[in-house]
Amino acid sequence: MKLIIGNKNYSSWSLRGWLMLAKNGLEFEVVQFPLFTKRFYEELSVISPALKVPVLIDQIQDGLIKHGQIKSGSVKSVQKQSATRAKGQDTVIWDSLAICEYINEQYLSGSAWPQIIQERAKARSIAAEMHSGFSALRNEMPMNCRAKRTLALSESALKDVARIDQIWSEQMSYNINKADDGWLFGKWSIADCMFAPVVFRFVTYGVKVSPLAEQYMQRALASTEMQQWLADALTETDIVEEDEAGIAL
C-alpha cells in the first residue's frame with residue numbers, strides 16, 4: 001500500500017489516514033508532498049480528483065490484495081500503471097474516513113469499530129460528527145504540532161471545544177470501571193483516529209479541558225504512533241503561513 005500525505009506538522013487529515021494504518025501494524029509506503037505547493041497539486045492531479053490528502057493506493061492482483069507490492073518510483077508512474085484499476089487491479093481512496101472504513105473492512109474484519117452494536121452506532125456518530133463538524137475550531141485552530149500558541153477563540157470555537165470535552169469526558173466516565181485500554185470505547189477505534197488531530201491542536205493552543213478529557217488526551221499523546229508522528233513533525237522546516245495562527249509563546 002502507498003499513502004499520500006501532506007506535511008506532518010500541519011496536515012490533520014493526513015494524520016488520520018496514517019494513524020489508521022500505523023496503529024494496526026499494516027505495511028505501507030509514505031509519499032509526502034508539501035501542502036499547497038505547485039508540486040502538491042501537480043502530483044495529486046493524476047492521483048485523486050479531489051486534490052486533497054490523504055490518498056490511499058492499494059494494489060490488487062488476481063482479486064487479492066498484495067501488501068506493499070506497489071513498486072517504488074514516481075507517483076505519476078504508479079498512477080499510469082494503475083489506469084486499469086477499473087478492471088479491479090488498484091483501489092484508490094481519497095478521504096480519511098473512507099480510508100479508515102476500507103482498511104477496517106479489507107484488513108481488520110471490522111475490528112476497528114466497537115463490537116457491541118449500540119457502542120458501534122455511537123462511535124460512528126461521534127466519528128461522523130468530527131469528520132463533518134467543528135468548523136470554527138478547524139478554522140481558528142489549525143493543527144501545528146511544533147508550535148505553542150495563544151489566541152482568542154470565537155464563541156463558536158468555544159462551543160466546539162466544549163462539545164469535544166463533553167464527548168471525551170462522557171466516554172471516559174463510561175469506561176472508568178472497566179478493564180480497558182483507556183480509549184473512547186475501551187479499545188482503540190476509528191473514533192479515536194478521528195479525534196487524534198484535536199489532541200495536538202489542544203496542546204498547541206493550551207486549551208484547558210475537564211479532568212476526564214485531560215486523561216483521554218494524555219492517553220492519546222502517550223501512544224507510540226502519536227509520538228512517532230510528533231517526532232517526525234518536529235523535524236520539518238516548511239512553513240504554511242495560513243496555518244500559523246495565534247501568537248507564539
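These numbers come from the heavy atoms of this one structure, side chains and all, not from hydrogens, waters or symmetry mates. If you read the sequence from its start, that first residue is 1, and numbering goes on from there.
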- In this structure, which one of I93, L3, L44, V31 forms a side chain to side chain contact (heavy atoms under 4.5 Å, CB included) with V55? L44
- Considering all heavy atoms, the nearest F28-A22 contact: CE2-N, 3.8 Å
- Message: So does P197 get a backbone contact from the side chain of S12, meaning a donor-acceptor N/O pair under 3.5 Å?
- Response: no
- Message: So for atom CD, which belongs to E242, do other residues, nucleotides or ligands contribute more than 12 heavy atoms lying within a distance under 6.0 Å?
- Response: yes
- Just wondering, more than 12 heavy atoms not from I116 lying within 6.0 Å of its CD1? no
- Could you tell me whether a side-chain N or O of N104 sits under 3.5 Å from a main-chain N or O of A112, the two making a donor and an acceptor? yes
- Item | Pairwise side-chain contact, V198 with W168, heavy-atom cut-off 4.5 Å (strictly under) | yes
- Note on the structure: Taken to the nearest 0.5 Å, the spacing of N7 CG from D232 CG works out to 12.0 Å
- Message: Could you tell me if the side chain of S11 sits less than 4.5 Å from the side chain of L35, heavy atoms only?
- Response: yes
- Looking at CZ of R146 and CG of N9, how far apart are the two atoms once the value is rounded to the nearest 0.5 Å? 4.0 Å
- Query: Are the side chain of N139 and the backbone of S135 linked by a donor-acceptor contact shorter than 3.5 Å?
  - Reply: yes
- Is K159 atom NZ crowded by more than 12 heavy atoms from other residues, nucleotides or ligands, each under 6.0 Å away? no
- Kindly indicate, with the supporting measurements, whether the criterion side chain to side chain contact (heavy atoms under 4.5 Å, CB included) is fulfilled by L15 and M143. CA-CA 10 Å; L15 169 57; M143 194 172 86; 4.1 Å; yes
- Query: Which distance, rounded to the nearest 0.5 Å, do you find between the CZ of F40 and the CG of L51?
  - Reply: 8.0 Å
- Applying the 4.5 Å side-chain criterion to the ILVMFWY set and letting contacts propagate, would W13 and I164 be lumped into a single cluster? no
- Message: One pair to check against side chain to side chain contact (heavy atoms under 4.5 Å, CB included): W94 and K52. What are the steps and the verdict?
- Response: CA-CA 7 Å; W94 57 86; K52 294 180 180 179; over 6 Å; no
- How long is the span from the CD1 atom in I4 to the CG atom in L56, to the nearest 0.5 Å? 9.0 Å
- Would you find a donor on one side and an acceptor on the other, under 3.5 Å apart, between the side chain of T37 and the backbone of P34? yes
- Least distance between heavy atoms, Q171 atom then F185 atom: NE2-CE2, 3.3 Å
- Message: For I57, is there any backbone N or O sitting under 3.5 Å from a side-chain donor or acceptor partner on Q59?
- Response: no
- So do M20 and L108 actually touch side chain to side chain, heavy atoms under 4.5 Å? yes
- Start with the C-alpha gap between L234 and K8, add the side-chain angles, then the distance that decides, and say whether side chain to side chain contact (heavy atoms under 4.5 Å, CB included) holds. CA-CA 9 Å; L234 293 176; K8 287 190 171 183; over 6 Å; no
- Query: Looking just at side-chain N and O atoms, do Y107 and D58 make a donor-acceptor pair shorter than 3.5 Å?
  - Reply: yes
- Please tell me if the side chains of Q166 and S210 come closer than 4.5 Å, counting only heavy atoms from C-beta onward. no
- Message: Does any part of the side chain of T224, heavy atoms only, come nearer than 4.5 Å to the side chain of K23, both counted from C-beta?
- Response: no
- Apply the test side chain to side chain contact (heavy atoms under 4.5 Å, CB included) to residues D181 and W188: give CA-CA distance (whole Å), side-chain angles for both, the deciding distance (0.1 Å), then the verdict. CA-CA 7 Å; D181 295 331; W188 189 89; over 6 Å; no
- Single-linkage hydrophobic cluster M217~Y205, side-chain heavy atoms < 4.5 angstrom: yes
- Evaluate the ring-ring contact (aromatic ring centres under 6.0 Å, His included) criterion for residues W183 and F195: first the C-alpha distance (whole Å), next the side-chain angles of each, then the deciding distance (0.1 Å), finally the verdict. CA-CA 11 Å; W183 298 103; F195 282 96; over 10 Å; no
- Query: Would you find more than 12 non-hydrogen atoms of other residues, nucleotides or ligands less than 6.0 Å from I117 atom CD1?
  - Reply: no
- Item | side-chain hydrogen bond (donor to acceptor under 3.5 Å, both in side chains) between D238 and Y10, worked out | CA-CA 10 Å; D238 291 337; Y10 298 110; over 6 Å; no
- Query: Got a donor-acceptor contact below 3.5 angstrom from the Q32 side chain to the G6 backbone?
  - Reply: yes
- Message: Just so I know, are the side chains of S45 and E43 near enough to count as touching, which here means a heavy-atom distance under 4.5 Å?
- Response: no
- Note on the structure: For N175 and G186 the tightest heavy-atom approach is ND2-N, 3.4 Å
- Message: Whether the W113 and E101 side chains hold a donor-acceptor pair (N or O, under 3.5 Å, no angle test) is what I'd like checked.
- Response: yes
- Message: So does P114 get a backbone contact from the side chain of R120, meaning a donor-acceptor N/O pair under 3.5 Å?
- Response: yes
- Is a donor on one side and an acceptor on the other found under 3.5 Å between the side chain of R219 and the backbone of L184? no
- Item | D95 side chain near H131 side chain, heavy-atom distance below 4.5 Å | yes
- Task: Report yes or no: do W229 and I103 belong to one cluster of Ile/Leu/Val/Met/Phe/Trp/Tyr joined by side chain heavy-atom distances under 4.5 Å?
- Result: yes
- Task: Indicate the atoms forming the closest heavy-atom contact of M1 with E27, along with that distance.
- Result: CE-O, 3.8 Å
- If you measure from CD1 on I190 to CG on L19, what distance do you get to the nearest 0.5 Å? 11.0 Å
- So, Q115 side chain and G110 main chain: donor-acceptor pair closer than 3.5 Å or not? yes
- Message: Do T204 and N144 pair up side chain to side chain, a donor and an acceptor below 3.5 Å, judged on atom types alone?
- Response: no
- Note on the structure: Here the pair of heavy atoms bringing Y174 nearest to K122 is CE1-NZ, 3.2 Å
- Query: M194 and C100: which non-hydrogen atoms are nearest, and at how many Å?
  - Reply: CE-SG, 4.1 Å
- Hey, could you give me the CD/CE distance between E214 and M172, rounded to the nearest 0.5 Å? 10.5 Å
- Message: Assess the residue pair E129 and R124 against the criterion (salt bridge (charged side-chain N to carboxylate O under 4.0 Å, His left out)); give the C-alpha distance rounded to whole Å, side-chain angles, the decisive distance to 0.1 Å, and a yes or no.
- Response: CA-CA 8 Å; E129 185 178 355; R124 283 196 164 112; over 6 Å; no
- Message: I'd like to check E140 versus L151 (side-chain heavy atoms, cut-off strictly below 4.5 Å). Are they in contact?
- Response: no
- Any donor and acceptor pair, going by atom type alone, linking the side chain of Q227 with main-chain N or O of L221 inside 3.5 Å? yes
